[in-house]
Amino acid sequence: MARDPEIAFLQRLALTAASASSMGELVRLVISETAEALETDVCSVYLLDPDDGLLVLTATNGLSHEGVGRVRLALGEGVTGAAAADRRPVVVADVRREPRFRWLDGVDQARFVSMCSVPILAGDRLVGVLNVQTDRTRIFSEGDVAFLTAIAAQVAGVLARVELQERLERRVADLGRSEEVHRRLSGLVLAGAGLRAVCDEIAGLTGAAVAVYDLDGVPVATSGTGLPGRLPGGGAEGGLEVATLSAGRETLGWLAVGPSRRPGDIGRRQALEHGATVLALELVRERAADEARHRASGDLIDELLSAGLAPDDADRLAERAARLGHRLQGPAWVIAIEGDDARSGHALTAPAARVRAARELSGLAMARDADAIVVERLGGIALIVSGLVDGDAAEVLAGGARAVAAALAPGGSVSCGLSGEAGGPAALHRLSLQARQALRVARRLGERGVVASYRRLGIERLLLAIDDPEPIDGFVEDWIGPLVRHDEAGRGGAAPLLESLDALVREGWNMRATARRLGVHVNTLLYRMRRIETLVRRRLDDPDTRLALALALRARVVAAGSPGPAVSVLEGEPPVRAPRADP
């Protein structure tokens with residue numbers, strides 16, 4: 001074959017290929033021109049699929065077209081695969097005697113005898129294989145192989161250009177879709193449409209069910225059905241795609257998208273990426289709005305709790321709070337929830353804990369056919385509950401509230417104080433004081449992790465009702481002041497007389513029970529009792545003396561406190577005073 005026609009063909013191929021707008025057009029051009037130029041009966045192109053690494057029959061002008069896109073060969077499989085694996089031309093004079101030849105049923109025809117396969121290479125990258133076949137025996141010459149190799153080189157260059165062009169076009173289309181998705185989703189956020197509207201838009205873009213889950217894995221907005229009612233730990237399950245919704249380093253929740261009902265949906269990735277971004281923005285916006293509304297209504301409720309108001313003023317504040325979402329539904333009990341230590345208090349009032357506390361405490365009340373208002377107050381939580389039938393029901397609810405709050409402060413300790421009765425807006429300040437006073441008395445007694453009910457207090461209720469602390473201080477000093485000074489002066493050596501007296505009172509003045517409680521012999525207890533009588537100058541067998549000493553011990557706890565956790569001073573409450581002591 002003369003070289004000039006080959007050169008002319010290559011030039012024509014290069015010029016024509018330069019104008020090819022797609023890979024398919026280029027391949028069709030190659031197989032039609034090559035078969036004619038080399039005077040062969042068949043020309044076929046196999047291209048490498050980068051996803052699975054197999055050679056795919058992409059075009060042919062002599063084999064069955066049913067095999068196009070269906071026939072796939074591994075590298076090293078058949079003559080075609082051998083040329084690809086070795087990256088060298090393979091010439092076969094008679095495929096019927098070639099052990100490497102693989103007969104493709106329904107594609108190959110018995111009349112084709114000779115074959116030449118050359119790899120299509122772009123640098124060191126395999127692109128595919130170019131095959132020619134004849135129906136008569138032909139020995140392909142070195143010139144034929146060189147000519148076919150030159151065609152393959154041209155094809156490789158143009159395929160690389162077309163592939164790059166198609167990749168750029170896909171990227172441009174990708175960017176266009178991203179811009180459209182971003183515009184549509186961002187428009188919803190700017191319009192304040194809400195989480196549900198954004199989920200509906202993502203569902204429309206992806207053809208799948210969509211849900212937003214909070215940090216506890218509970219759905220807060222959904223579009224479509226079939227998604228789980230809970231997403232443990234934000235993990236993907238059941239074929240879901242899950243994206244994290246975050247603001248900076250803070251995780252806000254998760255976006256879950258189910259399987260698409262539209263196969264081959266090319267906009268799914270953009271919808272997920274932009275959807276996660278705008279949903280995070282919407283969550284931040286909603287949280288800010290909720291916090292502002294909650295803070296405003298909470299401030300009004302806090303004012304009702306903090307200050308004694310006239311009924312008309314209290315009713316007006318309650319009406320304003322109701323318009324902002326905090327509605328009092330009849331007479332209410334007040335529950336004060338606080339950490340027993342600073343660490344538990346901080347955990348209880350952390351931003352994420354506040355949201356969870358409001359949801360779970362409200363759900364706890366609802367489960368008991370009651371209504372609840374949850375507000376943060378003085379490093380703790382105030383729970384205002386209406387719809388309870390009596391004090392016993394209120395104490396049960398307070399116990400559940402304490403358990404919920406304790407779960408928010410793992411490893412810590414939380415206690416609750418409960419008011420002694422229910423009341424309307426004007427009574428909330430007094431009821432709040434009762435709840436906090438009950439909690440304070442429990443703490444003075446060193447109790448932790450308890451529900452302290454004001455109605456369960458004994459003489460403490462009368463002592464707490466005395467506004468002027470001076471009479472209480474004087475009473476404590478007159479009856480047990482000498483014992484206080486004795487114990488303080490003799491720490492580490494002298495007998496603990498206050499502890500012994502307290503044990504006697506708690507055991508109903510039973511000598512043996514008291515000795516067991518203190519872990520001492522009865523004679524030791526008798527000695528301590530004589531020392532107490534000497535210091536207080538009163539006989540312990542007198543009933544009135546016993547009652548007065550018991551009252552003095554309780555008054556000291558209420559007024560000054562025995563060793564135990566520190567308690568903050570309540571608004572409107574006189575500061576805690578220590579009993580007088582002689583220098």
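Values below: all heavy atoms of this structure, side chains included; hydrogens, waters and symmetry mates excluded. Throughout, residue positions are numbered sequentially from 1 according to the sequence presented.
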With sequence neighbours left out, what residues match Arg196 under salt bridge (charged side-chain N to carboxylate O under 4.0 Å, His left out)? Asp200
Residue list, salt bridge (charged side-chain N to carboxylate O under 4.0 Å, His left out) with Asp541, at least two apart or on another chain: Arg539
Asp315 side chain to Pro425 backbone, donor-acceptor under 3.5 Å: no
Pairs under 3.5 angstrom only: tabulate donor-acceptor contacts from the side chains of residues 410-423 to other protein residues two or more places apart or in another chain.
unit_1: Ser413; atom_1: OG; unit_2: Asp340; atom_2: OD2; d: 2.5
unit_1: Ser413; atom_1: OG; unit_2: Gly449; atom_2: N; d: 3.3
unit_1: Ser415; atom_1: OG; unit_2: Asp340; atom_2: OD1; d: 2.9
unit_1: Ser415; atom_1: OG; unit_2: Asp340; atom_2: OD2; d: 3.0
unit_1: Ser415; atom_1: OG; unit_2: Gly449; atom_2: N; d: 2.9
unit_1: Ser415; atom_1: OG; unit_2: Val450; atom_2: N; d: 3.2
unit_1: Ser419; atom_1: OG; unit_2: Val334; atom_2: N; d: 3.1
unit_1: Ser419; atom_1: OG; unit_2: Glu421; atom_2: O; d: 2.9
unit_1: Glu421; atom_1: OE2; unit_2: Arg430; atom_2: NH1; d: 2.5

Is a salt bridge present between Asp341 and Arg448, judged by a nitrogen-to-oxygen distance below 4.0 Å? yes
Could you list the residues that satisfy salt bridge (charged side-chain N to carboxylate O under 4.0 Å, His left out) with Asp542, not counting sequence neighbours? none
Show me the donor-acceptor pairs, under 3.5 Å and distance only, between side chains in residues 383-391 and residues at least two apart or in other chains.
unit_1: Ser386; atom_1: OG; unit_2: Gln329; atom_2: O; d: 3.0
unit_1: Asp390; atom_1: OD1; unit_2: Asp392; atom_2: N; d: 3.2
unit_1: Asp390; atom_1: OD1; unit_2: Ala393; atom_2: N; d: 2.9

Would the distance check show the side chain of Ser500 and the main-chain N or O of Pro496 forming a donor-acceptor pair, the cut-off being under 3.5 Å? yes
Could you tell me whether Glu338 and Arg440 make a salt bridge, using a distance below 4.0 angstrom between a side-chain N and a carboxylate O? no
Measure the CG-CH2 distance between Leu501 and Trp479 for me, rounded to the nearest 0.5 Å. 11.0 Å
Do any N or O atoms from the side chain of Arg455 and from the backbone of Ser453 form a donor-acceptor pair under 3.5 angstrom? no
Does atom CE (Met511) have a neighbourhood of more than 12 heavy atoms from anything else shown, all under 6.0 Å? yes
For residues 510-522, pull every pair meeting side-chain hydrogen bond (donor to acceptor under 3.5 Å, both in side chains), keeping only residues two or more places apart or in separate chains. Glu507-Arg517
